[in-house]
Structure formats: structure tokens, C-alpha cells
Number of protein chains: 2
Amino acid sequence: MQSALSELEKEVVDVFVRIAGALSLPRSVGELYGVLFISPQPMCIDDLMRKLKISKGSTSQGLKILRSFGAVNSVYVAGDRRDFFTAEAELRRIVSGFVNEQVRPHLDSGQARIARITSLLEEDSSENKEFIAERIERLQGWQKRAGALLPFASNFMKPD
Amino acid sequence: MQSALSELEKEVVDVFVRIAGALSLPRSVGELYGVLFISPQPMCIDDLMRKLKISKGSTSQGLKILRSFGAVNSVYVAGDRRDFFTAEAELRRIVSGFVNEQVRPHLDSGQARIARITSLLEEDSSENKEFIAERIERLQGWQKRAGALLPFASNFMKPD
DNA sequence: CAGATTGTTCATAAAATAATGAACAGCCAG
DNA sequence: CTGGCTGTTCATTATTTTATGAACAATCTG
């Protein structure tokens with residue numbers, strides 16, 4: 001296992017670094033997934049640190065995040081005490097993990113907040129109450145739509 | 001037009017600040033949209049600065065971003081030299097603007113990068129070539145799927 | 001045209017986010 | 001139990017991102 005990224009590996013890692021950025025995840029998370037994604041063998045923390053030249057802390061933290069939504073799988077390697085990992089390669093699983101862990105909670109707290117807003121609005125008595133009420137209802141509709149889109153998006157990834 | 005945020009306004013702004021965060025947009029962009037969203041009247045830069053207590057630079061910059069994907073509309077107010085704005089309230093328009101301006105370009109450059117990777121792979125002659133080839137193909141499939149999902153997501157917002 | 005008024009830009013400051021690495025906790029092997 | 005690995009945590013440092021505000025350009029107004 002050579003400890004430098006080949007040109008090809010660098011490109012692949014770069015793809016995932018950009019994806020990570022789009023998802024508001026740390027750069028290192030994208031790097032880690034990228035390296036695992038094109039590695040035929042499972043890798044341990046030490047391998048990843050050496051390949052990417054990042055610290056042990058970042059590596060551990062990054063893997064924790066990846067595991068949190070199932071983007072990475074642990075693999076047992078006989079005769080080695082260390083933990084090894086591979087990239088989860090089924091898009092559907094990653095998407096649904098991500099949705100459940102990183103997106104749904106936000107939607108839920110948004111739901112709660114809108115409920116609070118509705119009750120604030122009742123106490124309110126400005127001349128614009130009607131307009132504001134319409135806006136809040138609209139916002140609620142958006143929320144609902146977003147919630148409906150998520151499971152659909154997961155299914156959309158079905159065959160992969 | 002009072003120059004402080006009511007409790008209700010604060011809550012609404014907060015909702016959009018969180019959404020902005022999820023979309024990797026500056027906090028101020030969420031604040032601006034939020035205030036416009038619950039404002040019955042069009043607002044000018046000065047109004048927004050005062051309401052949100054943010055600088056003129058942030059306000060101008062934030063509105064520029066919002067305009068870039070059609071989240072905000074310019075309104076002419078008779079007898080006033082200043083520019084006035086309202087929040088675009090049709091979700092479908094905002095989504096499709098956002099997709100076209102902020103998402104599609106990333107997908108496209110990703111496409112280009114994958115093409116480059118494919119050519120790098122041809123020069124490559126490791127024993128793992130086959131495995132890597134499979135992964136790159138898979139990645140390409142993901143890319144394609146993402147591209148297909150976007151127009152669908154836009155349509156999903158249809159009635160709003 | 002001269003003087004205001006309005007909006008944009010951009011160098012700098014401030015704030016938020018991520019990475020580092022040393023300290024620590026757990027665990028196995030002898 | 002002791003010593004050596006392995007992985008995690010977290011206070012600090014580094015980096016990146018965002019906000020600020022003064023300088024500027026553009027546009028009206030009288």
C-alpha cells in the first residue's frame with residue numbers, strides 16, 4: 001500500500017471533497033470517503049492518515065461522521081487489532097442514512113418552530129395579520145412538500 | 001415601519017437562517033429573505049439594514065445572491081429613487097432558480113471531472129484496474145441519477 | 001453641471017468552522 | 001498487573017467564511 005495519492009486517486013478524492021462541501025460536511029469527510037471508495041482493500045485509520053496526510057483526530061472524527069449515516073462499513077481483518085473500513089457503495093443506503101440523520105431532524109425542528117410561530121400569530125393583532133397568516137400557511141406547505149420529497153428521493157436511487 | 005424585529009419576525013427569520021445554512025448560503029441571505037417574506041410591503045436596502053442591523057455591504061451582497069436565483073423581485077415604488085424588493089413566494093421558481101444557478105454548474109463540472117478520470121484510468125495499469133473501473137462507472141451512474149432528480153424535484157413543487 | 005443620494009465593490013476585521021495533536025480511556029497479551 | 005497498541009476527545013491553532021464600512025461609480029435633481 002503506497003502512501004501517496006496517485007493522480008487518479010487525487011481526482012476521485014476531489015470529486016467527493018466537492019460533494020462534501022455541497023452537503024455542508026468537512027472537507028476531510030469527503031477525502032476519507034473518496035479514498036475508501038476507490039480502495040479495493042479495507043483501510044484502517046493509520047492507512048487513511050498516511051494517504052491523506054491528515055491528523056489522527058480528523059480521521060477518527062471524519063469516520064465517525066461517515067459511520068453516522070452509513071457511508072462506511074466496518075470490516076473485520078483477521079489477526080489485526082485495528083478497525084478496518086470500506087466505503088458503502090450502495091447509493092440508496094447512503095442517501096437514506098443521510099436523510100434520516102442529517103436532514104430529517106432539521107425538518108422536524110422546523111415543524112416545531114412553525115407551530116410556535118402560529119401561536120405567536122394568534123396573539124398578534126396587526127393590520128397585516130391576514131397577510132402574515134397567508135405567509136405562514138405557505139411556509140407550512142413548503143415544509144410538508146419537503147417532507148414528502150425525501151422518501152421519494154431515497155426511492156429514486158433504488159437500483160444503485 | 002418600525003425598525004426592530006418583532007418576536008414573530010424573529011422566529012420567521014430564524015427559520016430561513018437555518019434553511020440558508022443547509023444550502024451553504026450566508027446567514028445574512030437567510031435573514032434578508034426572511035424579513036421580506038413576512039413583510040406586506042416591499043422594502044429597500046435601508047429598511048433591511050435597519051430591521052436586521054447589518055451593514056450596507058452585507059445587504060447589497062445578500063440581495064445580489066437572492067436575485068441571482070430569483071428568490072427576490074424588484075419592485076418600482078413611485079416617487080422613490082431607491083430600489084425596493086419583495087420575496088418571491090412561489091417555491092417552484094425559487095427552487096428552479098437555485099437548481100439552475102447553484103446546483104447544475106457543480107453537476108456539470110463533476111461530469112467533466114469524471115470524464116478526465118476515465119481517461120486517466122486508461123493509462124493506468126494496476127492489478128486493481130478492474131475494481132477501480134467498476135467504481136468509476138458507479139460514480140458516473142450516481143451523477144446521472146442526480147441529474148435526473150433535479151428537474152423532477154422542480155416539478156414536485158408544482159402547485160406552489 | 002454641482003451636489004446629493006443610492007447601490008456596489010473590495011480590502012480588512014470579525015466570526016465560524018475545521019484540523020491538529022497531546023492527553024486519555026479501553027483493551028488485549030503476556 | 002503491566003506495558004503497548006488503538007481509537008476517541010477536546011482545548012488550542014489554523015483556515016475559511018462572512019460581515020463591515022469606506023471608497024467609488026452611477027444616477028438623479030435642481
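Residue numbering restarts at 1 for every chain, and letters A, B, ... go by the order of the sequence lines. All heavy atoms count here, side chains included; hydrogens, waters and symmetry mates do not.
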Review point. Are any of the side-chain nitrogens in B:Glu31 or B:Lys51 under 4.0 Å away from the carboxylate oxygens of its partner?
Key: no
Point to revise | Gap separating the CD1 atom of A:Ile38 from the OG atom of A:Ser6, nearest 0.5 angstrom | key: 6.5 Å
Check your understanding: Heavy atom of residues 66-80 of chain A under 4.0 Å from DNA chain D: which residues?
Key -> A:Arg67
**Study point:** Between CZ on residue A:Arg93 and CD on residue A:Glu88, distance to nearest 0.5 Å
**Key:** 5.0 Å
Revision key, fill the gap. Under a 4.0 Å heavy-atom cutoff, the residues of residues 13-20 of chain B touching DNA chain C are none
Measure all distances between protein nitrogen or oxygen atoms and nitrogen or oxygen atoms of nucleotides 24-29 of chain D, and list the pairs falling under 3.5 Å.
from: D:dT27; atom 1: O2; to: B:Arg81; atom 2: NH2; distance (Å): 3.0

**Study point:** Geometric class of the B:Phe152/A:Phe152 ring pair [parallel <30°, tilted 30-60°, perpendicular >60°]
**Key:** parallel
Protein-nucleotides 15-20 of chain D N/O pairs under 3.5 Å:
from: D:dA19; atom 1: OP1; to: B:Ser28; atom 2: N; distance (Å): 3.2
from: D:dA19; atom 1: OP2; to: B:Ser28; atom 2: OG; distance (Å): 2.9
from: D:dT20; atom 1: OP2; to: B:Ser55; atom 2: N; distance (Å): 2.8
from: D:dT20; atom 1: OP2; to: B:Ser55; atom 2: OG; distance (Å): 3.2
from: D:dT20; atom 1: OP2; to: B:Ser58; atom 2: OG; distance (Å): 3.2

Review point. Can you list the residues that meet the salt bridge (Lys or Arg N to Asp or Glu O under 4.0 Å) rule with B:Glu7, with sequence neighbours excluded?
Key: B:Lys10
Check your understanding: Any donor-acceptor pair under 3.5 Å linking the side chain of A:Thr59 with the backbone of A:Ser55?
Key -> yes
Study note, to complete from the structure: NZ (B:Lys144) and CD (B:Gln111) are apart, to the nearest 0.5 Å, by 10.0 Å
**Study point:** Sole candidate of A:Val75, A:Leu36, A:Asp47 that passes side chain to side chain contact (heavy atoms under 4.5 Å, CB included) when paired with A:Pro42
**Key:** A:Val75
Review point. Which distance, rounded to the nearest 0.5 Å, do you find between the NZ of A:Lys129 and the CD of A:Glu134?
Key: 15.5 Å
Check your understanding: Judged by atom type as modelled, is there a donor-acceptor pair below 3.5 Å linking the side chain of A:Arg18 to the main-chain atoms of B:His106?
Key -> no
Point to revise | Length of the CD1-P vector between A:Ile45 and D:dC5, whole Å | key: 17 Å
Point to revise | For atom CG of A:Asp83 and atom P of C:dG26, their distance in whole Å | key: 16 Å
Practice item. Whole angstrom is fine here: how far is it from NZ in A:Lys64 over to C1' in D:dC10? Key: 11 Å
Study note, to complete from the structure: Note: A:Arg67 and A:Ser74 closest approach over all heavy atoms is CD-OG, 4.4 Å
Practice item. Provide, to the nearest angstrom, the distance between the CD1 atom belonging to B:Ile65 and the C1' atom belonging to C:dT9. Key: 14 Å
Review point. When the distance from CG of A:Asp46 to C1' of D:dT6 is rounded to whole Å, what number comes out?
Key: 9 Å
Check your understanding: When hydrophobic residues are tied together by side-chain contacts of less than 4.5 Å, even through go-betweens, does A:Leu149 share a cluster with A:Leu139?
Key -> yes
Point to revise | salt bridge (Lys or Arg N to Asp or Glu O under 4.0 Å) partners of B:Arg82, counting only residues at least two apart | key: B:Asp80
